[in-house]
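See structure below.
Chain naming here is simple, since letters A, B, ... match the order of the sequence lines and numbering starts at 1 in each.
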Amino acid sequence: MTAPGPAAGSRRRPAALDVDGLLASPRTEIVVCCGSGGVGKTTTAAALGLRAARLGRRTVVLTIDPARRLAQALGLRELGNQPRRVEFAEEEPAGELHAMMLDMRRTFDDMVLAHAGDERAEQILANPFYQTISSSFSGTQEYMAMEKLGQLAAEGDWDLIVVDTPPSRSALDFLDAPQRLSTVLDGTLIRLLAGPARAGGRGIRRVVGAGFGLFSKAVSTIVGGQLLADASAFVQAFDSMFGGFRERAEHTYRMLRSPGTAFLVVAAPEPDALREASYFVDRLATERMPLAGLVANRTHPVLTDLPAASALAAADQLGGGAPLAAAVLRLHADRVSVADRELRLLSRFTRAHPGVPIIGVPALAKDVHDMRGLREIGERLASRPDAG
Amino acid sequence: MRASSSGWTEQLARVRLHVVTGKGGTGKSTVAAAVALALANGGRRVLLVEVEGRQGIAQLFDTAPLPYSEERLALAPGGGEVRALAVDAEAALLEYLDMFYNLGFAGRTLRRMGAIEFATTLAPGLRDVLLTGKIKECAGRTDQRGRHVYDAVVVDAPPTGRIVRFLDVTRAMVDLAKVGPIRAQSEGVVRLLHSGDTAVHLVTTLEELPAQEAVEAVEELDAADLRPGAVVVNRISPNRLPARSVAAAADGRLDEARVRAGLESAGLALTDDQLDGLVGETVEHALRVRSEQEAWRHLRQLDLPLLELPELTEGVDLASLYELAETMRDQGLR
């Protein structure tokens with residue numbers, strides 16, 4: 001918290017997160033911003049990218065689904081699957097800032113084109129099942145975000161890659177997506193479902209016995225034979241590139257676990273967002289992925305230490321005599337209770353995760369959709385609270 | 001054709017399936033729960049459905065995680081009740097398969113080896129199809145005398161960014177699965193979701209982005225021929241400033257001398273730093289009020305019924321859900 005009120009004194013103070021240290025260190029190669037929807041993840045990612053560029057690093061920000069005006073601020077008018085350098089009208093940063101918006105369909109297409117032969121790639125791209133999973137279904141976006149991250153890292157052109165994560169059902173989805181998609185694309189089960197005889201899957205059939213034939217028939221009835229046939233054709237065409245596909249997924253996963261990566265969990269000071277953040281912190285620990293800290297986004301610290309009770313008493317005493325002063329006192333009392341609640345929620349988080357550094361980012365009074373706003377957030381992210 | 005922009009319309013009063021969406025972080029689950037409580041008022045039976053596997057309902061009502069069954073969750077004033085269901089795609093698929101085949105032991109084995117997880121992943125949209133299919137089944141279920149088991153079903157749906165895809169996945173499925181029972185099933189779901197029995201309510205706060213997403217979601221719903229219901233404006237915090245002071249403070253022209261004089265007349269002698277702090281807070285407050293007024297302007301242009309809910313500084317607990325429900329009933333929800 002940047003300006004803890006008197007109430008904070010008695011509470012356990014978490015370690016402060018040193019954002020500038022993290023961004024400036026040449027050892028930091030990837031920063032992943034994650035958290036539940038609506039907490040300001042994309043804006044935080046953009047602000048971190050800009051901050052890093054100002055610290056002299058050649059930075060690229062991979063955004064997933066930025067609000068239109070934020071995209072415009074970054075000079076992104078449309079989906080572009082390649083990073084573009086952000087132009088600055090004023091205050092050119094010491095480093096460089098590049099930005100891109102993920103186009104999941106194109107990323108998937110590019111991957112197919114790169115890994116399958118021409119003829120096979122054409123077959124895959126024309127397959128209805130492929131078209132469905134590559135464009136309209138959830139899970140693919142998470143996977144393609146990770147694929148794109150892998151590509152950007154492999155280019156070796158960047159000092160730092162800042163990644164936003166998709167607005168998933170749960171903040172954890174993008175960690176699981178590669179595994180899930182691998183299971184589908186592995187194809188053993190699809191082959192079994194589409195034609196158990198051809199698959200020669202005696203091993204599995206021995207395990208489940210007659211049930212599998214029944215299941216396969218049931219699934220085929222439910223999703224329709226055509227879908228399974230398309231899926232099967234897709235898997236056959238995809239088979240040759242599958243090894244490479246899985247290897248890439250595993251490579252990206254290893255990269256996420258390497259010391260060059262730093263996860264920042266972004267959360268609003270609200271119970272739901274912090275609960276999700278808690279899950280995430282636990283999950284990262286289980287996966288042995290490097291957590292840098294928690295960004296408590298859009299806090300409302302009080303700007304003066306006048307106690308709420310004194311403010312309200314004075315406002316009551318003023319009655320209608322000095323409406324402006326009374327309003328100022330009442331809005332201060334409102335703010336004290338908001339700030340107290342936020343501190344309470346954050347100290348609860350810290351009790352559960354005492355080792356996780358926190359940086360509180362006070363809310364801007366207006367939404368952010370230009371460079372100046374992003375710069376301001378970057379400054380708030382980097383501000384170090386006074387020790388003690 | 002849309003009715004006036006305040007209160008609950010006749011059309012909405014006839015809706016049986018209430019889908020509640022909103023940008024993440026706007027309080028959509030809280031509002032869905034409060035809508036369910038409000039609808040249950042006066043002896044009605046309402047089912048509150050959760051589809052995202054987050055157990056948000058259980059947390060709101062402070063109960064153990066919901067099983068895949070319709071458990072009674074809360075009683076409403078006047079004898080009504082809210083039941084809750086956390087729809088799980090895997091369970092829905094098994095249930096579905098059981099309608100056609102007696103899988104029994106084999107079904108459990110398949111579950112253990114992940115074949116069902118696989119099947120729902122095979123066509124990732126299948127998950128949404130199963131979820132919407134189950135919702136349709138609940139909304140349409142009748143008792144022996146042919147009466148609806150639930151007077152209303154309220155869905156805590158995916159956020160605005162994915163709502164149209166979620167609701168219309170069945171339409172994609174109709175295209176994809178050319179024959180078979182899933183096609184017939186999908187067609188039924190498409191019919192229900194596009195009918196006057198269904199309304200999609202949008203939860204927003206008065207911040208710029210959520211309000212903008214709500215506006216965009218209404219356009220997308222219209223384009224997909226789905227029916228937007230009411231806009232629920234959540235977490236409204238009080239505006240303390242006199243109207244004429246808002247613009248002045250927001251533009252940085254707050255009359256500090258007048259504030260100081262007022263404070264002194266109340267016996268508060270503040271240091272310059274303290275006064276600066278109060279002024280800073282007032283400017284932020286005024287900027288917020290002004291951007292909220294802008295958000296109101298956009299939301300009113302939607303010409304949809306608007307419901308207003310206050311900010312709960314102390315957080316949401318069970319008692320406050322009843323309060324929110326009461327607030328919405330006062331504004332016409334029925």
Side-chain angles (χ1 to χ4, degrees), chain A residues 36-39 65 67 128 132-133 136-140 167 169-170 180 183-184 189-190 207-212 214-215 218-219 221-224 226-227 231 268 270-271 273 302-306 314 317-318 321-328 330-332 334-335 337-338 341 365-367, chain B residues 23-26 52-54 96-97 100-101 103 106 109-110 113 115 118-119 121-126 158-159 161 165 172 176-183 207-209 237-238 240-242 245 255 258-259 262-263 265-268 274 277-278 280-282 284-285 287-288 291 313-315:
Chain A
S36 50
V39 297
D65 190 14
T132 315
I133 69 164
S136 43
F137 287 127
S138 53
T140 306
R169 173 183 350 233
S170 115
R180 255 199 342 250
T183 317
V184 179
L189 271 163
I190 291 186
V207 178
V208 285
F212 199 85
L214 209 55
F215 177 75
V219 169
T221 315
I222 281 178
V223 303
Q226 185 62 44
L227 175 63
E270 296 290 337
V302 288
L303 303 183
T304 186
D305 56 6
L306 181 66
Q317 193 184 328
L318 283 172
L324 180 58
V328 168
R330 289 189 201 283
L331 70 87
H332 172 67
D334 290 345
R335 180 135 172 175
S337 57
V338 170
R341 167 167 190 257
K366 290 199 282 191
D367 274 341
Chain B
K23 183 168 161 48
T26 55
E52 303 230 282
R54 288 171 41 212
Y96 199 81
L97 290 174
F100 296 97
Y101 307 94
L103 281 182
T109 312
L110 288 161
M113 60 179 281
F118 169 79
T121 318
L122 162 71
L126 184 57
R165 197 193 295 172
L176 215 55
K178 297 183 178 71
V179 288
I182 201 155
R183 177 172 183 120
E207 291 160 293
E208 187 179 334
L209 282 183
S237 49
R240 300 293 189 192
L241 286 172
S245 304
D255 190 344
R258 197 145 63 91
V259 174
L263 295 177
S265 75
L268 279 178
Q274 286 176 317
L278 284 182
E281 289 179 3
T282 306
E284 287 189 11
H285 179 83
L287 285 168
R288 197 201 75 213
S291 89
T313 322
E314 290 311 308

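- Residues Ala327(A) and Arg240(B) share a closest heavy-atom pair of CB-O, 3.2 Å.
- At a 4.5 Å heavy-atom cutoff, the contact between Arg341(A) and chain B is made by side-chain atoms alone.
- Highest contact tally toward chain A, considering only Asp255(B), Leu278(B), Val259(B), is held by Leu278(B) [criterion: heavy-atom pairs under 4.5 Å].
- From Gln274(B), atom CD reaches atom NE2 of His332(A) across 9.0 Å, with rounding to the nearest 0.5 Å.
- One distance of note links NE2 of His285(B) with CZ of Arg335(A); it measures 10.5 Å at 0.5 Å rounding.
- Interface check for chain A: of the options Ala266(B), Pro158(B), Gly25(B), the most heavy-atom pairs under 4.5 Å are formed by Ala266(B).
- For Val39(A), no part lies under 4.5 angstrom from a heavy atom of chain B.
- The OG atom of Ser237(B) sits 7.5 Å away from the CG atom of Asp334(A) when rounded to the nearest 0.5 Å.
- A side-chain donor-acceptor contact under 3.5 Å links Glu281(B) to the backbone of Leu303(A).
- In this structure, the portion of Ser245(B) lying under 4.5 Å from any heavy atom of chain A is its side chain and not its backbone.
- If you take CG on Leu324(A) and CG on Leu263(B), they are separated by 9.0 Å, rounding to the nearest 0.5 Å.
- Taking every heavy atom of both residues into account, Ser265(B) and Gln317(A) meet most closely at O-NE2, 4.3 Å.
- Counting heavy-atom pairs closer than 4.5 Å to chain A, the top residue among Pro242(B), Gly161(B), Gly267(B), Gly24(B) is Gly24(B).
- Residue Gly262(B) comes nearest to Leu318(A) through the heavy atom pair O-CD2, 3.3 Å, listed as atom of the first residue, atom of the second, then distance.
- Ranked by heavy-atom pairs under 4.5 Å with chain B, the first of Ala273(A), Ala322(A), Ala314(A) is Ala314(A).
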